[in-house]
Amino acid sequence: MRMIIKGGRVLDPGHMDALADIVIDDGVITDILPSVSRDMPPIGKNDQVIDAAGCHVVPGLIDMHVHLRDPGQEYKESIETGIRAAAAGGFTAVCCMPNTQPVNDCRQVTEYIVKTAAAFHSVLVYPVGAISRGLKGLELSEYFELKDAGAVAVSDDGMPVVNSQLMRRALEYAQGAGLRVISHCEDPGLSGGVMNEGETATRLGLSGIPNACESIMVMRDIALSELTGIPVHIAHVSTRESVHAVADAKSRGIRVTAETAPHYFTLTDAAVEQYDTHAKMNPPLRSEDDREAVRKGLADGTLDVIATDHAPHSVLEKEVAFDDALNGIIGLETSLPLGLKLVEEGILSFDALIWKMSKNPAGIIGLARDIAVGEAAHLTVIDPKRPFTYDAGNGFSKSKNSPFSGWRFSGRAVYTIVNGQVVFEAGQKQSL
Amino acid sequence: MAWNRKDILDIASLSVDEIASILDMADGLKEISERSIKKVPTLRGKTVILFFHEPSTRTRISFDIAAKRLSADSISISASTSSMVKGETLIDTARNLEAMHPDVIVIRHASSGTPYLLSRKISTPIINAGDGTHAHPTQALLDMMTVREAKKKLHGLRIAIVGDIDHSRVARSDIEGFTKMGAEVRVSGPPTMIPKGIESLGAQVMYDFDEAIDGVDVIMMLRIQKERQQNFLFPSEREYAQRYGLNSTRLKRAKPDAMIMHPGPLNRGVEITPDVADSINSVILSQVTNGVALRMALLYLVAGGLHSADDH
Ligand SMILES: [Zn+2]
């Protein structure tokens, strides 16, 4: 069956920006015709036509940092519900972190994830394998096995790799296996707290986590990347010191890339006021200075990627004393709207947003996201004006732990297209 | 004045007028504890639950005696003795308690913010008897009562709070309370124990203990917990006592009539020498006595004494 995406502004940053119709046949882009040419693609009665008038048609979004909780913690999220939430957020692909139960440190778990996800014919799921067996930081996982089974990167996300020698060897061995290393940067000696160290923590009587808890490890990983000449990707940057360290490393030609999450460029630790456990995550929400630095880092290109760190938790794990609440928030359905807010506020151009939500993550994990004849049709259709009120209670994710519930946005994904199939259409609850 | 506040969760949310009327009422109720029959019928038929999730002897007993002197029925439950708490979420336990229609729940919990969580989930009035390192409003109020009783005012007094400020809910509530009432509060201790941004609560930081107690009207010493050595907060009790302990030599730097306070329990020989703890400047036991009257006042206000009178 053919699909024609009509009348949209086709925007593939650095490549094309034109009003055009996209013709898709059998999951592959077969034609791109400028709308102004009036050279209308002939529409057959079996063709599916997507009206993209007033919308941007962009390379399919990728979220390279999510927790799908499957296998093992399906009460929080499953591959199926995670995929639905991703599709609703405009994502055509997600990378899922290995801290499942069991840990994804071997072929069997990676294969389970790949196979389960593929059965839904929806959002593409790319597993991230564990750097170390069981995330224990003691020995390497089998990276070639993981790669063969479909993993695109390795990370001990959730846990820092404390042993610097292990981290060095991970970089070297992963290079051989063709996998990128994603580092969760946290110094365990400094990480005893439950929120950002500072005035708010002092007032609330909550234990603080200083910025250096993160930046010390960012600097170490940069040093290891410099030592080995092998690229490293820094997960969820939250502090100004980390932004500065990455900027400095890049200026010296070190091959470091970095991501931040929407909550770090949107919120500060003031959100913890009233002990709101939906503002508890690791790394924690930081100060206004840090938020500014993260926004600046996105604007000047220091931070390459926006990724959600989508971390579903049940109400049982969040409606408890702040000290006892688990870290993390869901983010798949609010990431693009919060990104569009950055565009509205003049922090990012729309092009830059698409770089950070599609093309850069694609490059880092070795995928392609190009709108061109012959390419697979992974596309996101964004209506930058569509009003959208997010209600976590009505969201697609199995968990509801979002600090953005009730927020009003302007702009969202209206169609998510994977392999030429619509996997989400705004206004429709059913996404599969 | 009419009392319209459901809970007593912290000092920050209380107004100057509210604090003053709590202290006035506590002053008036103090006399009941000096009678031979120490009981008035004011809260007869009211139920007070003392929900102590963290071990505490003095605060729980103080509340218990306060409730009994007002003729309320008080019931204590603690995490260790209650089967209700095992395997049950805190909110479920609180909802179960609420379902038995108590008039007040007094809560002590090791995690900061817990009284707020319960206050959002249940309609029973809540009094915070200490949450984590966040707040201990009843202690701060009894401290203010004790100082006001002796000095006849709070405004313009100089108060030094010394010790592990970072881990002290008493320090936080005292800073907020005394500064709200117009006193000047200084905090002192090793820099490892002074949290970032404590100035935002209204305190002035003076790391040098001798400088901090210079000319003060009140010295509040905090208990040093030995376990804190493991967090690298201080090397030894010996050095702590030398640099940050209150002794008679140091005491001379304060005003001659300076009051010495301590929320208890004391570590004699560490943060305070025995002779100073027992000196005529010490009001440590008056704090305990006043604690009962102060908690009687709060139970009275929250359990509906004035409330119902004014509502009708
Ligand atoms: Zn992480």
Side-chain angles (χ1 to χ4, degrees), chain A residues 75 187-213 239-241 268-280 284-290 313-327 400-401 403 405, chain B residues 9-13 53-54 79 87-95 107-121 128 130-137 164-173 175-176 187 193-203 205 230-233:
Chain A
Y75 67 97
D187 180 317
L190 289 170
S191 70
V194 296
M195 71 171 290
N196 184 45
E197 180 175 295
E199 208 174 289
T200 306
T202 293
R203 204 156 26 77
L204 295 176
L206 293 172
S207 47
I209 304 169
N211 283 13
C213 178
T239 75
R240 55 185 180 276
E241 294 84 355
T268 66
D269 60 359
V272 178
E273 209 71 49
Q274 298 298 312
Y275 302 91
D276 185 355
T277 58
H278 288 165
K280 183 177 178 184
L285 295 172
R286 301 288 187 180
S287 71
E288 181 58 29
D289 279 356
D290 295 301
H313 289 301
S314 87
V315 67
L316 283 173
E317 295 153 334
K318 283 294 195 182
E319 257 192 12
V320 293
F322 196 88
D323 284 343
D324 301 333
L326 296 187
N327 284 312
K400 313 299 173 196
N401 52 315
S405 198
Chain B
L9 299 181
D10 52 34
I11 293 292
S13 57
H53 234 263
E54 184 188 63
E88 198 175 49
T89 68
L90 185 68
I91 292 170
D92 280 337
T93 307
R95 282 184 176 142
I107 179 167
R108 156 71 61 95
H109 200 284
S111 295
S112 300
T114 311
Y116 294 82
L117 176 67
L118 295 194
S119 150
R120 283 195 290 267
K121 296 290 170 185
N128 180 4
D131 64 321
T133 55
H134 168 239
H136 197 345
D164 188 354
I165 309 296
D166 194 12
H167 293 92
S168 176
R169 53 190 168 216
V170 175
R172 283 176 177 77
S173 287
I175 293 168
E176 288 180 322
V187 295
M193 294 179 172
I194 309 290
K196 223 187 219 178
I198 191 74
E199 297 87 348
S200 69
L201 269 67
V205 177
Q230 282 152 19
N231 298 329
F232 321 117
L233 293 184

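So that the names make sense, note that chain A is the first sequence line, chain B the second, and so on, each numbered from 1. Basis for what follows: all heavy atoms, side chains included, without hydrogens, waters or symmetry-related copies.
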Exercise. Taking atom CG of B:Leu118 and atom CD1 of B:Ile107, what is their separation to the nearest 0.5 Å?
Worked result: 4.5 Å
For this session: Tell me, for B:Ile91 versus chain A, whether the close heavy atoms (under 4.5 Å) come from the side chain, the backbone, both or neither.
Result: side chain
For this session: Counting only heavy atoms closer than 4.5 Å, note whether B:Ala110 contacts chain A via side chain, backbone, both or neither.
Result: backbone
Problem set entry | Parallel, tilted or perpendicular, as decided by the 30° and 60° cut-offs, for the rings of A:Tyr275 and B:His134 | perpendicular
For this session: Look up atom CG in A:Asp276 and atom NZ in A:Lys318, then write down how far apart they are to the nearest 0.5 Å.
Result: 8.5 Å
For this session: Would you indicate whether the side-chain heavy atoms of B:Met193 and B:Val187 approach each other to under 4.5 Å?
Result: no
Exercise. So which residues of residues 195-205 of chain A are in contact with chain B at a heavy-atom cut-off of under 4.5 Å?
Worked result: A:Glu197, A:Gly198, A:Glu199, A:Thr202, A:Arg203, A:Leu204, A:Gly205
For this session: Check each atom of B:Arg169 against the heavy atoms of chain A and say whether the ones under 4.5 Å are side chain, backbone, both or neither.
Result: neither
Exercise. How far does OG of A:Ser207 sit from NE2 of B:His167, to the nearest 0.5 angstrom?
Worked result: 8.0 Å
Problem set entry | Nearest heavy-atom neighbours spanning A:Val320 and B:Leu117 | C-CD2, 3.5 Å
Exercise. Rounded to the nearest 0.5 Å, how far apart are CG of B:Leu9 and OG of B:Ser119?
Worked result: 5.0 Å
Seminar exercise, completed: Pair count under 4.5 Å, heavy atoms only, with chain A: among B:Gly197, B:Gly113, B:Ala12, highest is B:Gly113
Exercise. Which distance, rounded to the nearest 0.5 Å, do you find between the CG of B:Leu90 and the CD of A:Glu319?
Worked result: 11.0 Å
